[in-house]
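Only heavy atoms go into these numbers, but all of them, side chains included; no hydrogens, no water, no symmetry mates. Every number for a ligand or one of its atoms is a count from 1 in the order of the listing.
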Amino acid sequence: MKPTIASFPAARPRRMRQSAALRALARQNTLTVDDLIWPIFVMDGKDDETPVASMPGVVRRTVDRIAKAALEAQNLGIPAICIFPYTGLEARTEDCAMAWDPDNLTNQAIRAIKDAAPEIAVMTDIALDPYNINGHDGFVENGKIVNDRTVEALVKMGLAQAAAGADILGPSDMMDGRIGAIRSALESEGHQDVTILSYAAKYASSFYGPFRDAVGASAALTGDKKTYQMDPGNADEALRLVERDLQEGADMVMVKPGMPYLDICRRVKDSFGVPTYAYQVSGEYAMLQAAAQNGWLDGEKVMMESLLGFKRAGCDGILTYFATTVARLLNT
Ligand SMILES: NCc1[nH]cc(CCC(=O)O)c1CC(=O)O
């Protein structure tokens with residue numbers, strides 16, 4: 001599409017910028033509460049919460065408090081909430097069995113949210129890292145992350161989450177073939193309506209640092225995730241992975257991290273036209289909050305601008321730790 005534009009002075013683009021009313025009329029993209037998915041951290045215990053030091057404003061909550069938070073999010077109009085468990089070293093084993101335990105923290109939280117706030121969609125994370133002794137998303141054998149055995153475990157993990165009532169499964173592990181395996185297991189176990197939001201283009205990023213503190217993985221993790229998460233230099237590979245995950249039965253796809261990868265968001269949306277999401281990850285949140293706390297940036301304004309950027313890049317929604325703050329702002 002080539003815009004037809006008169007030459008100066010017939011065309012004065014500033015005419016359309018002269019007032020809030022004209023700017024509103026011409027604005028192409030907007031951020032709404034419908035665009036938000038709220039990631040939350042769940043921990044063991046009762047009626048308690050602890051702050052995440054590297055993510056100012058973010059806390060880990062016990063299951064009962066998660067239920068309350070979900071109701072609050074539902075009342076704000078936020079369409080989905082995404083659960084991540086905090087696990088200490090005691091929950092971590094070689095066989096990661098807790099990952100598919102029907103009573104693990106995630107599954108308890110799913111049931112509690114479904115009870116307290118039945119309208120909000122509940123999303124989960126599928127990867128072995130919260131329960132793995134070495135902090136990796138897959139099983140490690142002889143120093144290597146093994147694919148196919150991991151996929152079998154991920155299927156069990158996903159089925160347990162579906163049985164607990166999850167609406168959206170989020171495989172974040174980057175193993176090959178997991179979307180197809182999870183999809184066919186869901187079909188054969190009677191969970192045909194459970195949706196999959198694939199972390200399709202997930203990069204081996206240093207922006208996940210604060211998250212790994214939040215979920216207790218930093219202390220456990222040995223080495224890096226470069227043999228399964230994508231190389232930050234690659235763009236075309238993201239399109240191949242998105243296409244593959246769609247062919248295997250993903251309903252929605254995600255690009256992660258967000259702000260440094262907006263080019264990928266745009267290309268995914270233009271190439272496939274499917275529901276496309278970005279994850280504004282912990283490190284992105286932390287850097288905006290840190291600058292705001294120092295008075296170097298206007299926190300509220302950069303929060304809104306950063307999220308609008310995802311809409312402009314073609315995203316249908318954003319996973320963001322700012323979700324409730326944004327929703328409150330948009331609702332006033
Ligand atoms: N599979 C784990 C997982 N799921 C979401 C995030 C990162 C989220 C964030 O940084 O906000 C990670 C971390 C990782 O891959 O090491």
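From the protein, the heavy atom lying nearest to atom 8 (C) of ligand 1 is Phe211 CD1, 3.3 Å. Nearest protein heavy-atom contact of atom 7 (C) of ligand 1 is Lys256 NZ, 2.9 Å. Ranking the protein heavy atoms by distance from atom 1 (N) of ligand 1 puts Ser172 OG, 2.8 Å first. Counting only heavy atoms of the protein, atom 3 (C) of ligand 1 lies nearest to Lys202 NZ, 3.4 Å. Looking only at protein heavy atoms, the nearest one to atom 2 (C) of ligand 1 is Asp129 OD2, 2.9 Å.
Residue contact annotation: Tyr279 has a non-hydrogen atom under 4.0 Å from ligand 1. Under a 4.0 angstrom heavy-atom cut-off, Glu284 registers as lying outside contact with ligand 1. At a 4.0 Å cut-off, at least one heavy atom of Asp137 sits close enough to ligand 1 to count as contact. For the pair Gln280 and ligand 1, no heavy-atom separation below 4.0 Å is found.
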Task: Thr195 vs Asp251, side-chain hydrogen bond (donor to acceptor under 3.5 Å, both in side chains): CA-CA, chis, key distance, verdict - done: CA-CA 6 Å; Thr195 62; Asp251 303 283; 4.8 Å; no
- [ ] Output, in order, the C-alpha distance, side-chain angles, deciding distance and verdict of side chain to side chain contact (heavy atoms under 4.5 Å, CB included) for Asp101 and Asn107.
- [x] CA-CA 8 Å; Asp101 188 307; Asn107 294 330; 5.8 Å; no
Open item on the list: As a quick check of understanding, evaluate salt bridge (Lys or Arg N to Asp or Glu O under 4.0 Å) for Lys114 and Asp167, giving each step before the final call.
Closed with: CA-CA 10 Å; Lys114 282 286 145 192; Asp167 302 288; 2.7 Å; yes
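Phe211 has its ring centre less than 6.0 Å from the ring centre of Phe41.
Taking a cut-off of under 4.0 Å to the non-hydrogen atoms of Arg212, the atoms of ligand 1 that pass are 14 (C), 16 (O). Each of the following atoms of ligand 1 lies closer than 4.0 Å to a heavy atom of Gln229: 14 (C), 15 (O). Set against the non-hydrogen atoms of Ala127, the atoms of ligand 1 under 4.0 Å away are 1 (N). Listed by atom number, the atoms of ligand 1 under 4.0 Å from Phe84 heavy atoms are 4 (N), 5 (C).
Distances between N or O atoms of Lys225 and those of ligand 1 include at least one value under 3.5 Å.
Here Asp231 does not pair with Lys226 in a salt bridge; the nearest charged N to carboxylate O distance is not below 4.0 Å. For Arg267 and Asp263, the salt-bridge test fails: no basic side-chain N is under 4.0 Å from an acidic carboxylate O.
Cation-pi geometry between Arg92 and Tyr131 is not met at under 6.0 angstrom from the ring centre and within 45 degrees of the axis. For the pair Lys256 and Tyr208, the cation-pi criterion (under 6.0 Å, within 45° of the ring axis) is fulfilled. Both tests hold for Arg60 against Tyr86: distance to the six-membered ring centre under 6.0 Å, angle to the ring axis within 45°.
Residue contacts with ligand 1 for Asp125 involve side-chain atoms from C-beta outward but no N, CA, C or O (heavy atoms, distance under 4.0 Å). Under 4.0 Å from ligand 1, heavy atoms of Ser282 appear from its side chain as well as its backbone. With a 4.0 Å heavy-atom cut-off, ligand 1 is reached by the side chain of Tyr321 but not by its N, CA, C or O.
Counting heavy-atom neighbours within 6.0 Å of Gln18 CD, excluding the residue itself, gives a total above 12. When the shell of 6.0 Å around CD of Glu49 is examined, it contains more than 12 heavy atoms from other residues, nucleotides or ligands.
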